[in-house]
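Just below is one structure, and these are the notes that go with it.
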Amino acid sequence: MPHPETWWKDAVVYQIYPVSFLDSNGDGFGDLNGITSKLDYLQDLGVNVVWLSPIYKSPLADMGYDISDYRDIDPRYGTLDDWDKLLAGLHGRHMKLMMDLVVNHTSDEHAWFEQSKSAKENPKRDWYIWRPPKYDVDGNRRPPNNWKAQFQGSAWEYDETTDEYYLHLYHTKQPDLNWENPDVRQAVWELMRFWLDRGCDGFRMDVINLISKVEGLPDAPITIPEDEYQDATEFYANGPRVHEFLQEMHSKVLSQYDIITVGETPFTHSASELARYVLPANKELNMVFQFELVDLDSPRTAQRMPFIHRPWKLSEFREIVGRWQTFKRDEGFWNAVFIENHDQGRSVTRWGNDADAWRVLSAKMLAMLEVTLGGTQYVFQGQELGLRNFPRSWGIEEYKDVASQNIYHEILEQRRKRESGGTGEEDSQIDMSDIMDGLQMKARDHGRIPMQWDATGHAGFTTGTPWMRVNDDDYPHWNAALQLDDTSSVRSFWKNALRLRKEHQVLIYGDFQDLDPQNEDVFAYTRTYRGVRAVVALNFTSKDIVFNLPSGEIMPGISPLFGNYPVGNGDVQGNELKLRPYEGTVYLSTPDTAT
Ligand code: NOJ
């Protein structure tokens, strides 16, 4: 059978962004004890696995994705003892814990890097990627190549101690490890075993498809002529040795534990490229996070402009969903189903409609999409409440993410230079409203805002000063406490939807078929598994729509399972299905009636 049922396939994984989940000691940062105090909340929702974004020691240049000690907890989050208590609390409730493994790069404050940069002869020199400077015709020192960093500027940072540059694909404080060096790989296997032997149940692997760079680190082609540095993802995404490295990881570590593994694989929309990470025969990972769907509303230009919002069509959206849902199922390809995480704007704002009139309905409709797709289910903190992006009126100072700050200031600087005729001196009023529009829709900050627990000060997130502003217009009337008491809330809906997903394996394992690929209003599809059929219809618009079911064969013997309107779900007459604004409805056949 192509899809043996396994715990990590059936699982509902809930991602916690610890700094913003719950602060137990009033310092303004969420912490492990805060998480432990909410385990009943998570269990009640139907969560099986908790994925923690990094809680290791870190200077927080990239909010913990810059690790300075892999074997310790950052004091802001607590201690190893607190981690043990969290784990015991989870295991005691039959839940599991997945840790974030960030090993493409470390912090520049990691002891490995401090040694590496101290001298060319240091034994750890080759643990990172160092190159001598280049010099232009005028004798100016230049980086070794023209690669652009993900957070803007050159991907190389000069270090005068040894007169060389080191590579950092992200922040200057995130030097890339040199995976070519077997000692580096050995050190990674050891730190993985450290957490697995302590009881952790798996890893989400940060940018794991970037660990192997093309030999010679050649210049990237000029695709952004006005920019000094160029998009070089083709030279480091899915590089020449990445599969060899992951197979080594599998044989040395992963194969010895019963765990869940998911690789984050950005800059890659090709399913066949990503198949190699996932197909069981290759012995690498269980699944990957691919970003084709959540990149849909970004411009499709060579230069990545993730913060610019591009209007999208439902036909594009469903084509992507359908392609991944049906990809190499016979060979065992397995999806990770997600639409939010800490790097994304909120789904109800981007893919639904977060206006007051439609927020609840469209958040529930998107929940229906998620729970009726095949793959392992991921829910991001606050998604179960229908949290929306914070308001457009907030200034750039409320955006704490280095990615938002850097892009804003780089563009501000460019505009300043242009308006002052190249001198860069004039401090005129520069119009940045288009950039702020983009950030309001797409910035990573929207997923990082403190959780809205209740209507008390700072949304019940902290008794101190929150590290990031809470959504103060929203939380008094939009919070977990209110939703827990309300059977018609988004959270109550998610809880019920997750329960139904687990009860009906067709929703997890079924074959997928799009019923009307060109339809721009209603996303309708079937799932079929072991003689059971589910029919899903989701109205993505704020209009009443009559959807014509393509064939009389679809519905016989089928009855409504659930929907997002309080009454009258599943109004079918003949081949006509009437859907109200943002209405979603799911029907289910009995085993005998599906064909
Ligand atoms: C992906 C993480 O999700 C993101 O938050 C981080 O900035 C980069 N990887 C670099 O680690």
Side-chain angles (χ1 to χ4, degrees), residues 13 15-21 30 51-68 70 74 98-110 113 128-129 147-153 155 157 166-177 179 188 203-211 213 232-233 236-238 242 261-268 277 285 287-291 293-295 298 304 306-307 336 338-346 378 380-381 383 399-407 439 442-449 467-468:
V13 183
Q15 183 193 352
I16 290 186
Y17 194 63
V19 72
S20 293
F21 192 65
W51 152 27
L52 286 188
S53 276
I55 37 87
Y56 315 94
K57 263 206 177 119
S58 165
L60 300 196
D62 185 23
M63 295 311 298
Y65 284 91
D66 49 319
I67 296 169
S68 55
Y70 286 106
D74 194 277
M98 179 161 91
M99 295 284 276
D100 219 307
L101 183 74
V102 188
V103 287
N104 174 67
H105 43 263
T106 68
S107 164
D108 65 340
E109 296 181 32
H110 195 291
F113 187 73
Y128 294 84
I129 302 171
W147 293 5
K148 184 181 172 90
Q150 289 306 319
F151 295 152
Q152 314 307 320
E157 183 73 1
Y166 66 86
L167 181 70
H168 61 89
L169 297 180
Y170 285 85
H171 196 281
T172 49
K173 286 181 69 63
Q174 289 168 299
D176 280 52
L177 281 163
W179 276 68
V188 172
F203 293 110
R204 174 270 188 187
M205 303 184 188
D206 191 67
V207 294
I208 201 67
N209 63 331
L210 309 189
I211 57 180
K213 282 80 176 167
T233 46
Y236 55 75
N238 315 305
V242 67
T261 55
V262 50
E264 191 209 22
T265 50
F267 319 123
T268 316
Y277 296 92
L285 304 174
M287 64 196 117
V288 293
F289 287 132
Q290 53 81 14
F291 295 96
L293 189 64
V294 294
D295 287 345
S298 298
R304 288 187 67 255
F307 301 121
F338 79 100
I339 201 169
E340 284 194 24
N341 66 30
H342 64 291
D343 295 331
Q344 305 290 328
R346 293 290 181 173
Y378 290 81
F380 179 61
Q381 72 183 38
Q383 186 179 358
Y399 290 77
K400 302 296 177 206
D401 178 18
V402 62
S404 310
Q405 287 294 331
N406 286 5
I407 192 101
L439 288 174
K442 306 283 299 287
R444 311 197 300 178
D445 304 76
H446 300 289
R448 300 174 174 203
I449 199 160
W467 75 278
M468 179 183 181

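Both ligands and their constituent atoms are indexed starting at 1 by order of listing. Keep in mind that what you see is a predicted model, and the values were worked out from it rather than measured.
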Any side-chain donor-acceptor pair under 3.5 Å between [X] and [Y]?
X	Y	result
Q290	T268	no
Y65	S58	no
D66	Y170	no
Y70	T106	no

State the atoms of ligand 1, each with its element, that fall below the 4.0 Å cut-off from a heavy-atom position in [X].
X	value
V207	9 (N)
R444	4 (C), 5 (O), 6 (C), 7 (O)
D62	6 (C), 7 (O), 8 (C), 10 (C), 11 (O)
D343	1 (C), 2 (C), 3 (O), 4 (C), 5 (O)
E264	1 (C), 3 (O), 9 (N)
R448	5 (O)

Q) At what distance, to the nearest 0.5 angstrom, does CZ of F203 lie from CE of M99? A) 7.5 Å
Q.
For a quick test of reading the model, state the closest non-hydrogen atom pair linking D108 to P175 and the distance between them.
A. N-CD, 3.5 Å
Q) Is the F380 ring parallel, tilted or perpendicular to the H342 ring (thresholds 30°, 60°)? A) tilted
Heavy-atom contact check, 4.0 Å cutoff: does [X] meet ligand 1?
X	result
Q344	no
Q150	no
H171	no

Q) Judging by distance only, is a nitrogen or oxygen of D206 under 3.5 angstrom from one on ligand 1? A) yes
Q) Can you tell which part of H105 has a heavy atom less than 4.0 Å from ligand 1: side chain, backbone, both or neither? A) side chain
Q) Where's the contact between F151 and ligand 1, heavy-atom distance under 4.0 Å: side chain, backbone, both or neither? A)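 The answer is the side chain of F151.
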Q. Salt bridge or not for D343 and K442, using N-O below 4.0 Å?
A. no
